[in-house]
Amino acid sequence: MTRPHRSRPRRHPGPPDRRGAGRPDAGALRGDSDALAARLRELDGAGYGAYKGLAGHWRMDGFDLQVRSVQSDPFAPPSRLRVTVPAATAGLPAALYAGPVRARAASGFLARALRGALGGTGLRVDAGGQEVLERSALRVEADGTVVAELAVPLPGRGRRIAGHAAAEALTADLPRAVRTALRWESADRGAAEDFVTTVQDAGALRDALAGRGLVAFVADGAVLPRASGVDDRPLAGAVPFAAPESLRVTLDTPNRGPVTGMGVPEGVTLIVGGGYHGKSTLLRALETGVYDHVPGDGRELVVARADVVSVRAEDERAVTRVDVRAFVADLPSGRPTGDFSTESASGSTSQAASTVEALEAGAGVLLIDEDTSATNVMIRDERMRALIAAEPLIPFVDRVRPLHRGRGVSSVLVMGGSGDYLDRADTVILLQDYAVSEITARAREIAGYADEAADVAFPGHRHRVFDPRSVDPHARGRRRVSARERGRLTFGADDVDLSAVAQLADASQTTGVGLALAHLDLDGVPLAVALDRLEEDLVRGGPAAIAHGSLADLAVPRRHEVAAALNRLRAARVAGHAENSQM
Ligand code: ADP
Ligand code: MG
């Protein structure tokens with residue numbers, strides 16, 4: 001019944017990439033661009049497998065091309081190329097990529113420029129969408145060297161090599177794109193500067209939040225709604241954001257100077273308003289405010305603290321030994337709620353578990369939208385309280401203020417359909433016709449303010465220690481960590497459903513989550529400690545710290561989404577709970 005587990009050292013798992021073994025060495029220097037072109041033409045009509053002989057380094061005009069892996073047939077995942085442009089050739093001004101934030105931004109800019117320049121060639125670079133994440137696809141190194149990781153389906157006619165097309169792609173299209181996009185002399189310098197300063201300013205705004213007692217900031221003029229559910233670009237003709245006077249703050253930025261907008265204060269914030277007036281759109285903007293956005297996105301200067309985590313109901317998810325006593329008292333089944341597991345949670349228990357898990361992973365701000373919540377875990381009105389004595393659920397409304405006062409965890413809630421939170425909220429924001437006003441005083445007139453003395457302290461919860469052998473990407477022998485889409489992670493023997501994990505940015509970040517999960521050193525420590533170590537490794541080493549030989553495109557994940565994936569991994573087992581049960 002028990003699966004045999006491969007034991008392996010956790011800190012440095014996985015062998016180095018040996019895909020080149022027995023073939024031309026992926027590290028060897030093979031020749032120049034003409035030699036590569038000649039070789040590819042020679043291969044025209046040969047069996048597809050002969051492409052394998054391309055592995056190694058080719059000295060191109062102004063860059064090194066490394067053929068890192070070659071697909072075995074035309075239908076396999078694309079081949080992987082690395083382009084290295086020496087600092088002197090790239091010629092980037094040092095100020096453009098000085099420090100980790102600018103380096104990430106400069107990399108993001110160049111990746112997008114390269115993607116544009118590669119358009120129509122079949123060569124691909126994982127440049128990302130509206131968020132500017134640290135990605136494996138392109139990095140500007142500390143000395144100004146530019147390294148890009150590309151994917152290319154090598155051209156074939158059936159199972160034969162299309163050598164002339166391949167020569168065109170690798171020795172004409174690629175050098176042209178590299179020349180256009182990765183050299184400062186031909187770059188759109190104004191756009192590059194704008195990109196980098198925008199990202200830097202967003203970071204500065206985010207860094208300023210805690211010192212000002214804010215959890216988020218929405219700049220005046222921001223455009224929050226998206227073009228559509230499947231198009232993350234700004235909605236054309238949207239009503240731009242304007243802060244209400246009472247919540248207007250001015251924050252400083254290094255490049256733009258002072259920026260005004262709405263500061264969302266710490267504590268309990270309620271967003272109310274009629275249906276379709278823009279409540280969820282505002283919350284969603286705060287959700288993605290943990291990331292920086294590209295110029296023109298509309299949310300460039302909408303930022304939220306890095307520890308903002310959105311929580312929702314997600315029935316049918318698995319829950320593994322979570323201490324949900326804060327929200328679920330004695331169950332009729334007699335199941336212990338201090339150590340609660342289920343293969344398939346209900347809406348309410350899933351939301352209760354996700355809330356505790358978010359706290360366990362270090363969330364400092366919770367975002368909750370009525371649209372995606374289980375009503376019975378959020379509220380219980382007076383009539384029901386009077387009628388039903390045996391109710392195991394302790395609604396969030398009873399916990400929200402103690403959670404802030406006792407644990408310092410703020411909440412931002414969208415709640416249009418119930419007035420239950422009005423008397424617990426520190427700040428009430430009204431959305432009407434997409435316009436924001438603050439109506440805290442009016443809410444007090446209507447609902448009063450619930451006596452804080454009557455609040456029950458937010459209970460601590462037990463910290464889980466996972467069994468590292470159960471979090472095994474090799475569970476089916478070969479290492480399996482991949483993500484075809486944002487909401488679906490393949491990890492070991494599991495297919496992990498992450499569709500309800502709202503703050504995952506894209507499929508590459510989901511891949512990053514999987515690789516981080518494989519990298520996690522869970523042995524004998526509470527999850528939060530393992531996540532701290534992961535963050536240290538990522539700060540020090542970037543995407544390479546968790547790749548362990550994987551050539552897959554990855555974006556650096558947050559600790560919160562890594563924890564969310566572990567929490568949804570059905571194979572994962574909890575070995576026990578940490579001695580010190582408080583956070
Ligand atoms: P609610 O949560 O209050 O029901 P939503 O946030 O879902 O409302 O918004 C309803 C619709 O209004 C969505 O289609 C959204 O794109 C659009 N919308 C939201 N904010 C704006 C805005 N500032 N300008 C124009 N359209 C907007
Ligand atoms: Mg809504």
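In listed order, ligands and their atoms are each counted from 1.
- With the Mg ion (ligand 2) as the vertex, atom OG of Ser280 and atom OD2 of Asp371 span an angle of 80° (nearest 10 degrees).
- Taking every non-hydrogen atom of Ala238 and a distance limit under 4.0 Å, the qualifying atoms of ligand 1 come out as 24 (N), 25 (C).
- With respect to Arg424 and Asp398, a salt bridge is recorded, a charged nitrogen being found less than 4.0 Å from a carboxylate O.
- The single protein non-hydrogen atom nearest to atom 4 (O) of ligand 1 is Tyr276 N, 2.7 Å, given as residue, atom name and distance.
- The residue among Ala227, Ala222, Ser280, Pro225 with a heavy atom at the shortest distance from atom 16 (O) of ligand 1 is Pro225.
- Short contacts between ligand 1 and Gly274, defined as distances under 4.0 Å to a heavy atom of the residue, involve ligand atoms 3 (O).
- The atoms of ligand 1 that sit less than 4.0 Å from any heavy atom of Thr281 are 5 (P), 6 (O), 9 (O), 15 (C), 19 (C), 20 (N).
- Both tests pass for Arg401 against the ring of Tyr449: distance under 6.0 Å to the centre and angle within 45° of the axis.
- Listed by atom number, the atoms of ligand 1 under 4.0 Å from Leu235 heavy atoms are 25 (C), 26 (N).
- Heavy atoms of other residues, nucleotides or ligands lying less than 6.0 angstrom from CZ of Arg385 number more than 12.
- For ligand 1, the atoms lying closer than 4.0 Å to a non-hydrogen atom of Gly275 are 4 (O).
- A salt bridge links Asp231 to Arg233: one of the charged nitrogens lies within less than 4.0 Å of a carboxylate oxygen.
- At a threshold of 4.0 Å, the pair Arg568-Glu314 counts as salt-bridged, since one of the basic side-chain nitrogens sits closer than that to a carboxylate oxygen.
- Of all protein heavy atoms, the one closest to atom 8 (O) of ligand 1 is Gly278 N, 3.1 Å.
- The pair Glu266-Arg305 meets the salt-bridge criterion, since a charged nitrogen lies less than 4.0 angstrom from a carboxylate oxygen.
- For ligand 1, the polar-atom distance check finds an N/O of Val239 within less than 3.5 Å of one of the ligand's N/O atoms.
- Among protein heavy atoms, the minimum distance from atom 18 (N) of ligand 1 is reached at Tyr434 CE2, 3.3 Å.
- Put simply, the side chain of Tyr97 never gets that close to the backbone of Arg139: no donor and acceptor are under 3.5 Å apart.
- In this structure, Asp339 does not pair ionically with Arg325, as no charged nitrogen and carboxylate oxygen lie closer than 4.0 Å.
- The presence of a protein heavy atom under 4.0 Å from atom 13 (C) of ligand 1 is ruled out.
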